[in-house]
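On a predicted model such as this, the values are computed, not experimentally measured, just so you know.
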Amino acid sequence: MKEDNIISLFPTPIQTSYLKPLSIKQLNKIKKIRKLEENSKDKNSYVLEEKIFKDLKKQINQKINKYVETILQPKKGLDFYITQSWFTWTGKNQYHYTHSHPNSIISGVYYVEADPTVDKISFTKTIPDQIKIYPEKFNIFNSDTWWLSVKTNSLIIFPSSLYHKVGDVPETYNKRISLPFNVFAKGELGSNTTLTKLIL
């Protein structure tokens, strides 16, 4: 008798990667920016356009392309590009509330400094269960939220519509530095046949 199979239908694809470490020059630049800021977010929302981060942008674009080619597999002629990118600093007892990224197709977070014993990103299911059955043991099929541990040089890429948050930083820890970014596309979406054509 054949075994039963569980099929993950219409899953939410999240890609995890690791990038090569930043240079001392790049890290010093980030620390310099931090000293000039009064809040937890950099005023510059196009940091990956700066010459000093050219190599970092190239690495991130390579991972974006892998996500697009593996998951979305669009027809030829559609080019994905980073629209905005910014630094965030999460200090003691600070957190980022649950949110998504409108006006974007793909989003991601690169972790400049993070501790896997403390730092994680949590994702929340956006479609509620019609009937709520509380499980004895949680897994990726029955959970409303799921978190991923992150560390320095981690890169997480996910659909922009997916709700996510970052938890509190403990009193004894104050090092989390991240670089979120959004991605859109240029080219032709949809088709004339289905009346969904959109030229960007």
Side-chain angles (χ1 to χ4, degrees), residues 12-64 66-67 80-124 145-184:
T12 302
I14 298 174
Q15 179 177 293
T16 62
S17 310
Y18 292 100
L19 304 185
K20 69 179 184 180
L22 297 178
S23 67
I24 297 298
K25 186 177 180 180
Q26 289 172 322
L27 290 172
N28 286 338
K29 172 68 174 180
I30 295 170
K31 290 178 181 178
K32 185 177 180 180
I33 294 172
R34 178 69 182 104
K35 288 180 180 179
L36 298 174
E37 295 297 333
E38 297 178 355
N39 53 33
S40 60
K41 178 188 170 298
D42 186 7
K43 292 184 179 71
N44 179 9
S45 59
Y46 303 93
V47 296
L48 287 176
E49 299 305 313
E50 294 188 26
K51 186 177 180 180
I52 191 170
F53 299 119
K54 181 179 179 180
D55 179 63
L56 176 59
K57 181 181 178 181
K58 182 179 179 181
Q59 288 188 74
I60 292 175
N61 272 327
Q62 289 174 343
K63 299 303 182 181
I64 291 170
K66 182 177 181 181
Y67 183 96
F80 288 77
Y81 65 99
I82 296 171
T83 56
Q84 289 184 291
S85 54
W86 60 97
F87 286 115
T88 62
W89 296 270
T90 309
K92 295 174 183 177
N93 296 321
Q94 293 181 334
Y95 65 94
H96 296 281
Y97 60 89
T98 302
H99 64 285
S100 62
H101 291 216
N103 297 331
S104 178
I105 299 173
I106 301 167
S107 292
V109 186
Y110 168 65
Y111 290 88
V112 178
E113 286 189 13
D115 183 343
T117 64
V118 175
D119 293 318
K120 59 187 178 183
I121 181 170
S122 296
F123 295 98
T124 302
T145 62
W146 197 263
W147 59 266
L148 299 176
S149 177
V150 296
K151 62 181 182 180
T152 300
N153 300 317
S154 294
L155 175 65
I156 311 292
I157 297 177
F158 50 90
S160 298
S161 59
L162 182 60
Y163 279 85
H164 56 284
K165 68 177 181 178
V166 178
D168 294 354
V169 172
E171 283 283 350
T172 57
Y173 180 71
N174 190 25
K175 286 187 177 180
R176 186 192 302 148
I177 303 174
S178 61
L179 194 165
F181 57 87
N182 290 325
V183 178
F184 208 69

Practice task
Evaluate the side-chain proximity of T124 to K165: yes if any heavy-atom separation is below 4.5 Å, no if none is.
Solution key: no
Practice task
Can you measure from CD1 (I105) to OH (Y81) and round to the nearest 0.5 angstrom?
Solution key: 8.5 Å
Practice task
Please state whether the rings of W89 and F87 are parallel, tilted or perpendicular, taking 30° and 60° as the class boundaries.
Solution key: tilted
Exercise for the section: Locate the shortest heavy-atom distance separating Y67 from P159; write the atom from each residue and the value. Expected result: OH-CD, 3.4 Å
Handout entry: Note, V109 side chain near S178 side chain (heavy atom, < 4.5 Å)
Key = yes
Handout entry: Sub-4.5 Å side-chain heavy-atom contact between K63 and L19
Key = yes
Practice task
Calculate, to the nearest 0.5 Å, the distance between atoms OG1 and CZ belonging to T12 and F123 respectively.
Solution key: 10.0 Å
Exercise for the section: Please say whether the positively charged group of K151, taken as NZ for Lys or CZ for Arg, lies over the ring of Y18, i.e. under 6.0 angstrom from the six-membered ring centre and within 45 degrees of the axis. Expected result: yes
Practice task
State, yes or no, whether a side-chain contact exists between L179 and S85 at a heavy-atom distance under 4.5 Å.
Solution key: yes
Handout entry: L48 side, atom CG; W86 side, atom CH2 - distance, nearest 0.5 Å
Key = 10.0 Å
Exercise for the section: Answer yes or no: is there an ion pair linking E50 with K57, defined by an N-O contact shorter than 4.0 Å? Expected result: no
Problem - Residue pair D55 / Q26, side-chain donor-acceptor N/O under 3.5 Å - result: no
Problem - Pair Q15-F158, side-chain contact (heavy atoms from CB on, under 4.5 Å): steps then yes or no - result: CA-CA 6 Å; Q15 179 177 293; F158 50 90; over 6 Å; no
Exercise for the section: Enter the distance from E49:CD to I82:CD1 here, rounded to the nearest 0.5 Å. Expected result: 7.5 Å
Handout entry: Verdict with reasoning, S161 to S100, per side-chain hydrogen bond (donor to acceptor under 3.5 Å, both in side chains)
Key = CA-CA 5 Å; S161 59; S100 62; over 6 Å; no
Handout entry: Close side-chain approach of I156 and H164, heavy atoms under 4.5 Å
Key = no
Handout entry: Rounded distance (nearest 0.5 Å) linking atom OG1 of T88 with atom OH of Y111
Key = 8.0 Å
Exercise for the section: Under the side-chain contact (heavy atoms from CB on, under 4.5 Å) rule, what do L162 and I14 come out as? Steps first, then yes or no, please. Expected result: CA-CA 10 Å; L162 182 60; I14 298 174; 3.8 Å; yes
Exercise for the section: Starting at CG of D115, measure out to NZ of K120 and round the result to the nearest 0.5 Å. Expected result: 12.5 Å
Handout entry: Result of checking I64, T83, V47 against F181 for side chain to side chain contact (heavy atoms under 4.5 Å, CB included)
Key = I64
Handout entry: F184 side chain reached by F80 side chain, heavy atoms, under 4.5 Å
Key = no
Practice task
Indicate yes or no for a side-chain donor-acceptor contact from S107 to the backbone of N182 under 3.5 Å, with no hydrogens or angles considered.
Solution key: no
Practice task
Please examine the side chains of L27 and V112, heavy atoms only from C-beta on, and report whether any two atoms are closer than 4.5 Å.
Solution key: yes
Practice task
Answer yes or no: are there more than 12 heavy-atom neighbours, outside Y163 itself, under 6.0 Å from its atom OH?
Solution key: no
Exercise for the section: Would you mind reporting whether I30 and L22 have side-chain heavy atoms less than 4.5 Å apart? Expected result: yes
Exercise for the section: Look only at the side chain of S149 and the backbone of P116, and say whether a donor-acceptor pair between them is shorter than 3.5 Å. Expected result: yes
